[in-house]
Amino acid sequence: MMITLLLFAELAERLNTKEMQIDASGKTLKEVKEMVKEKHAGIEHVIDQSMVAVNEEYAEDTEVLKDGDVIAFIPPVSGG
């Protein structure tokens with residue numbers, strides 16, 4: 001019952017990986033966000049500001065996840 005998390009930009013840099021697997025089938029997207037924030041202190045603000053897609057479509061926090069889903073956390077981009 002695994003779900004893949006894809007991490008981009010600041011999240012990938014802070015966690016030193018672009019992808020991770022978590023056991024979160026049956027949980028909502030909001031619950032997964034909380035799981036990630038609890039496990040990786042210091043990234044709370046990045047998670048809260050990120051756009052989130054499930055299986056390549058933007059998703060709401062209430063979406064219930066299923067085995068094999070792919071969640072992408074896309075932090076805001078800044079630059080000049």
Side-chain angles (χ1 to χ4, degrees):
M1 301 290 185
M2 299 304 282
I3 292 172
T4 301
L5 301 181
L6 301 178
L7 308 169
F8 297 94
E10 185 177 356
L11 281 174
E13 292 171 14
R14 286 179 175 247
L15 299 179
N16 200 30
T17 186
K18 293 182 178 180
E19 183 175 323
M20 64 175 63
Q21 301 281 319
I22 63 168
D23 185 5
S25 183
K27 296 191 180 299
T28 65
L29 185 53
K30 182 176 181 175
E31 291 172 319
V32 169
K33 288 178 179 179
E34 295 303 318
M35 288 172 60
V36 173
K37 289 191 289 189
E38 287 176 15
K39 187 172 181 178
H40 302 283
I43 64 165
E44 296 87 350
H45 72 286
V46 184
I47 292 290
D48 290 340
Q49 295 174 348
S50 294
M51 297 291 295
V52 182
V54 176
N55 299 327
E56 299 184 4
E57 293 190 20
Y58 289 114
E60 300 292 327
D61 282 349
T62 56
E63 183 158 338
V64 178
L65 303 165
K66 60 187 180 306
D67 188 35
D69 279 348
V70 177
I71 301 172
F73 286 100
I74 308 160
V77 177
S78 63

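From a predicted model like this one, the values you see are computed outputs, not experimental measurements.
- Connection of Ile47 to Val52 is established within a shared hydrophobic cluster, with ILVMFWY side chains joined at heavy-atom distances below 4.5 Å, either directly or through further cluster members.
- From Leu5, atom CG reaches atom NZ of Lys33 across 12.0 Å, with rounding to the nearest 0.5 Å.
- Ala9 and Pro75 make their closest contact through CB-CG, 4.3 Å (heavy atoms, listed as atom of the first residue, atom of the second, distance).
- The cluster map of Ile, Leu, Val, Met, Phe, Trp and Tyr, joined by side-chain heavy atoms under 4.5 Å apart, puts Ile22 and Leu7 in the same cluster.
- Contact check for Glu63 versus Val32: no side-chain heavy atoms found under the 4.5 Å cut-off.
- Linking Ile, Leu, Val, Met, Phe, Trp and Tyr whenever their side-chain heavy atoms come within less than 4.5 Å puts Met20 and Leu65 in one cluster.
- Counting only heavy atoms from C-beta outward, the side chains of Glu10 and His45 approach each other to under 4.5 Å.
- In terms of heavy-atom proximity, Ala59 sits nearest to Val54 at CB-CG2, 3.6 Å.
- Under a 3.5 Å cut-off, the side chain of Arg14 and the backbone N or O of His40 do not form any donor-acceptor pair.
- Between the side chain of Glu13 and the backbone N or O of Leu11, no donor-acceptor pair lies under 3.5 Å.
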When you look at Lys66 and Asn55, which way does the side chain to side chain contact (heavy atoms under 4.5 Å, CB included) test go after all the steps? CA-CA 11 Å; Lys66 60 187 180 306; Asn55 299 327; 4.1 Å; yes
TODO: Let me see the working for Thr62 and Thr28 under side chain to side chain contact (heavy atoms under 4.5 Å, CB included), right down to the final yes or no.
DONE: CA-CA 6 Å; Thr62 56; Thr28 65; 5.7 Å; no
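- In this structure, Asn16 places its CG atom where only 12 or fewer heavy-atom neighbours from other residues, nucleotides or ligands lie under 6.0 Å away.
- If you take CD on Glu34 and CG on Leu29, they are separated by 10.5 Å, rounding to the nearest 0.5 Å.
- Nearest heavy atom pair, residue Pro76 against residue Gln49, reads CD-O, 3.6 Å.
- A donor-acceptor pair under 3.5 Å is absent between the side-chain atoms of Asp23 and the main chain of Met2, judged by distance alone.
- A continuous path of hydrophobic side-chain contacts links Met51 to Leu6 [ILVMFWY only; heavy atoms under 4.5 Å].
- Within 6.0 Å of atom CD in Glu60, 12 or fewer heavy atoms from other residues, nucleotides or ligands are found, so the atom counts as exposed in its surroundings.
- In terms of heavy-atom proximity, Ile3 sits nearest to Ser25 at CD1-N, 3.6 Å.
- Residue Phe8 is grouped with residue Tyr58 when hydrophobic side chains (ILVMFWY) are merged at heavy-atom distances under 4.5 angstrom, including chains of intermediate members.
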